[in-house]
Structures are given as C-alpha cells and as structure tokens.
Enquirer: 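Pasting a structure below so you can have a look.
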Amino acid sequence: MAKYNIALCIFLLSLLYITHGKLKNQERRKRESNKFDVLIFTQRWPLTACFMWKEKSEKHDCSLPKRDEWTIHGIWPTRYNTLGPEYCNKSLPFNPSVLAPLKSQLQENWIDIQDGSDPYSFWKHEWYKHGTCAVAIKELNNEYDYFQEGLKLLNTYNMIDILAKANILPGQKYMVENMLIGIQEILNKRGQIMCAHNEETGELYVNEIRICFDKTLQLIDCDGIYKFPTNCDRFKQITYPSSVPHNNRVVQI
Ligand SMILES: *[C@@H]1O[C@H](CO)[C@@H](O)[C@H](O)[C@H]1NC(C)=O
C-alpha cells in the first residue's frame with residue numbers, strides 16, 4: 001500500500017512540475033512577444049498592389065493615389081529570420097478620431113488600395129498587427145505617433161525619388177539585382193524587394209520595398225530579415241509597372 005502511495009505521490013508531483021513549466025513558458029512567450037530586432041518600413045507600389053487585389057476577384061476596385069508614388073504599408077517591428085511579433089497588446093484600442101488631423105495625408109500616402117472597405121480598416125489593421133508592438137519604441141508609443149512617424153519616413157525615404165536617383169523608373173523592366181544595388185547606392189544601406197507574380201503570364205512585378213531601422217530609428221542594413229534580400233526570381237527581369245497590370249483573361253462563353 002505504501003509503495004502505491006509513493007508512486008501516486010511521484011506521479012502527482014511530476015504532473016505539477018510539467019504544468020508549472022508549461023505555464024512559465026507561456027508567460028515567457030507573452031512577455032517576449034514585443035521583443036524585436038529591427039523596424040521594417042514597408043512601402044508598396046500601388047499599381048502592383050491593385051493588380052494583386054483585382055486578381056482575387058473581378059469585382060474588386062482600387063483606390064489609387066493621385067500621383068505616381070509609393071505608399072506606406074506599415075512600420076513592422078520584426079525579429080531576424082522570422083515574421084512578427086504581431087498583435088502585441090489587445091488593450092491598446094484603435095481610435096479613428098485620434099487620426100483626424102492626419103487623415104488627408106494618410107489618404108494620399110498610407111492609402112488603402114482595397115477600395116470599398118471602411119476607410120479606417122487598413123490603418124486599424126496595421127495598428128493592431130504592428131503598432132501595438134511598436135509602442136515599445138519611444139517615438140512610436142501611441143497611435144498618433146505611429147502613423148505620424150510612418151508619414152515622416154515616407155517623406156524622407158520615398159522610393160519614387162530614391163529609385164529615380166538610381167535611374168530606375170516606372171514603365172521599365174530591371175534585374176532585381178540592379179534594383180537592390182541602386183537602392184544601396186543611394187541609401188548606403190541594403191533594403192529588400194518583394195515581387196508579385198502574374199500566374200498567367202509568368203511576369204514579375206515589383207510590389208514592395210522594405211528598408212530597416214534600429215530601435216533608435218537609424219537606417220540600417222536589412223540583412224537577416226525574413227526572405228532577405230528578395231523573394232523575386234534573381235534570374236528574371238521584373239517589371240516596375242506604370243499602369244495597373246492585367247491578365248487579358250479569355251472570357252469563357
Ligand atoms: C497593454 O496596454 C495597457 C494599456 O496601455 C497597459 O496597461 C499594459 O501594461 C500593456 N500590456 C503589455 C503586456 O504591454
């Protein structure tokens with residue numbers, strides 16, 4: 001009988017030990033959810049973003065900026081070699097009225113390409129997914145500052161100007177290697193280029209350009225971020241489109 005009790009005791013103790021360990025792990029993961037290495041500032045080329053949106057459904061329409069310009073996707077706190085952290089704090093609600101003073105600028109420069117949705121839904125999404133993690137940085141520690149910093153960064157690092165200085169212009173095709181080198185020559189730091197792929201024609205379009213900042217908002221090389229330096233095919237030319245690409249789908253009768 002005593003033997004049995006001892007066995008039971010050991011069993012219960014190990015159970016306690018395991019559950020306790022699990023809880024501690026969960027706690028640690030939660031606490032570390034807002035730890036990150038770099039801030040990725042992502043700009044997107046609206047004409048490619050529109051193409052991707054229209055690919056999802058023929059009913060989709062886009063909102064495009066008035067001028068040919070890159071627009072903001074977001075500022076993303078990121079750990080090396082992975083995505084995230086994301087959605088760091090649910091107790092930081094998105095408040096649309098806070099952005100009222102920035103609204104006209106956001107509508108032009110942080111544009112929600114996916115027309116027809118609630119005008120604040122893209123900003124709300126970026127806030128919950130990335131902004132609530134970015135609050136760990138002094139300059140980004142509330143909703144207004146997060147969006148204002150995005151606008152500031154675009155002002156300083158707008159890719160239309162940076163690429164133009166490297167003689168990379170809309171309406172042309174380039175090897176991704178040459179675009180990466182162009183960005184590096186102008187900024188003196190390495191960035192990342194992401195492509196969209198036209199399934200029907202096989203054509204590649206430049207979709208996003210990402211540059212990286214440390215936690216004091218100094219521009220740094222993007223080396224080490226997920227899919228650095230590109231997801232584009234290194235051996236094919238990529239298009240920097242000057243109008244929304246389309247597929248010329250064969251209409252079935
Ligand atoms: C989340 O935000 C709330 C409100 O500002 C704050 O009190 C809380 O400490 C934050 N939680 C974490 C895990 O940072």
Side-chain angles (χ1 to χ4, degrees), residues 15-44 71-114 117-157 189 191-192 194 208-228:
L15 203 64
L16 192 69
Y17 182 75
I18 290 165
T19 2
H20 186 67
K22 261 205 183 126
L23 281 177
K24 256 174 80 180
N25 261 344
Q26 268 173 12
E27 244 171 61
R28 194 171 57 221
R29 221 173 302 142
K30 222 173 185 176
R31 231 178 315 131
E32 285 181 353
S33 71
N34 52 8
K35 279 205 181 142
F36 52 85
D37 302 307
V38 286
L39 295 164
I40 300 179
F41 179 57
T42 300
Q43 299 178 44
R44 53 185 187 171
T71 63
I72 303 166
H73 192 160
I75 306 173
W76 304 340
T78 307
R79 280 189 221 126
Y80 286 126
N81 300 310
T82 185
L83 299 172
E86 296 171 347
Y87 304 101
C88 292
N89 192 340
K90 290 197 180 73
S91 351
L92 294 170
F94 177 79
N95 181 356
S97 63
V98 166
L99 298 183
L102 301 174
K103 194 173 178 194
S104 63
Q105 276 185 79
L106 291 171
Q107 277 176 325
E108 180 65 12
N109 297 309
W110 201 320
I111 194 166
D112 187 356
I113 311 282
Q114 304 180 359
S117 49
D118 164 5
Y120 284 96
S121 65
F122 182 42
W123 305 330
K124 184 173 164 182
H125 168 80
E126 289 300 305
W127 171 251
Y128 281 122
K129 190 168 176 184
H130 305 288
T132 59
C133 304
V135 292
I137 305 282
K138 184 165 58 72
E139 289 86 347
L140 303 170
N141 78 354
N142 59 66
E143 185 188 324
Y144 183 88
D145 288 354
Y146 177 77
F147 286 92
Q148 194 191 37
E149 188 62 39
L151 293 169
K152 258 205 255 175
L153 290 178
L154 187 75
N155 216 15
T156 314
Y157 297 103
K189 292 285 181 271
Q192 182 183 44
M194 302 302 272
E208 287 186 345
I209 294 184
R210 302 175 183 170
I211 55 175
C212 298
F213 294 85
D214 69 11
K215 292 179 177 182
T216 65
L217 293 171
Q218 297 302 304
L219 189 68
I220 56 171
D221 289 316
C222 284
D223 300 43
I225 67 170
Y226 183 67
K227 294 206 166 152
F228 176 82

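The chain is numbered in sequence order, starting from 1. In listed order, ligands and their atoms are each counted from 1.
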Enquirer: When you measure from the side chain of Trp110 to the backbone N and O of Phe122, does any donor-acceptor pair fall under 3.5 Å?
Expert: no

Enquirer: N/O of Ser91 under 3.5 Å from N/O of ligand 1, yes or no?
Expert: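 Not met; the criterion fails.
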
Enquirer: Mark yes or no: Lys189 above the aromatic ring of Phe213, with NZ or CZ under 6.0 Å from the six-membered ring centre and no more than 45 degrees from the axis.
Expert: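 No, Lys189 does not sit over the ring of Phe213.
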
Enquirer: So if I count the atoms of ligand 1 from 1 in the order they appear, which ones are less than 4.0 Å from some heavy atom of Leu92?
Expert: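 Near Leu92, meaning under 4.0 Å from one of its heavy atoms, ligand 1 has 2 (O), 4 (C), 5 (O).
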
Enquirer: Looking at Lys129 and Trp76, would you say the former's side chain and the latter's main chain have a donor-acceptor pair under 3.5 Å?
Expert: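 Checking the backbone N and O of Trp76 against the side chain of Lys129, no donor-acceptor pair under 3.5 Å is found.
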
Enquirer: By the definition side chain to side chain contact (heavy atoms under 4.5 Å, CB included), identify the one residue from Leu140, Asn142, Leu102 that meets it with Phe147.
Expert: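 That would be Leu102; it is the only one of Leu140, Asn142, Leu102 passing the side chain to side chain contact (heavy atoms under 4.5 Å, CB included) with Phe147.
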
Enquirer: Regarding atom 14 (O) of ligand 1: of the candidates Thr132, Asn89, Asn142, which has the closest heavy atom?
Expert: Asn89

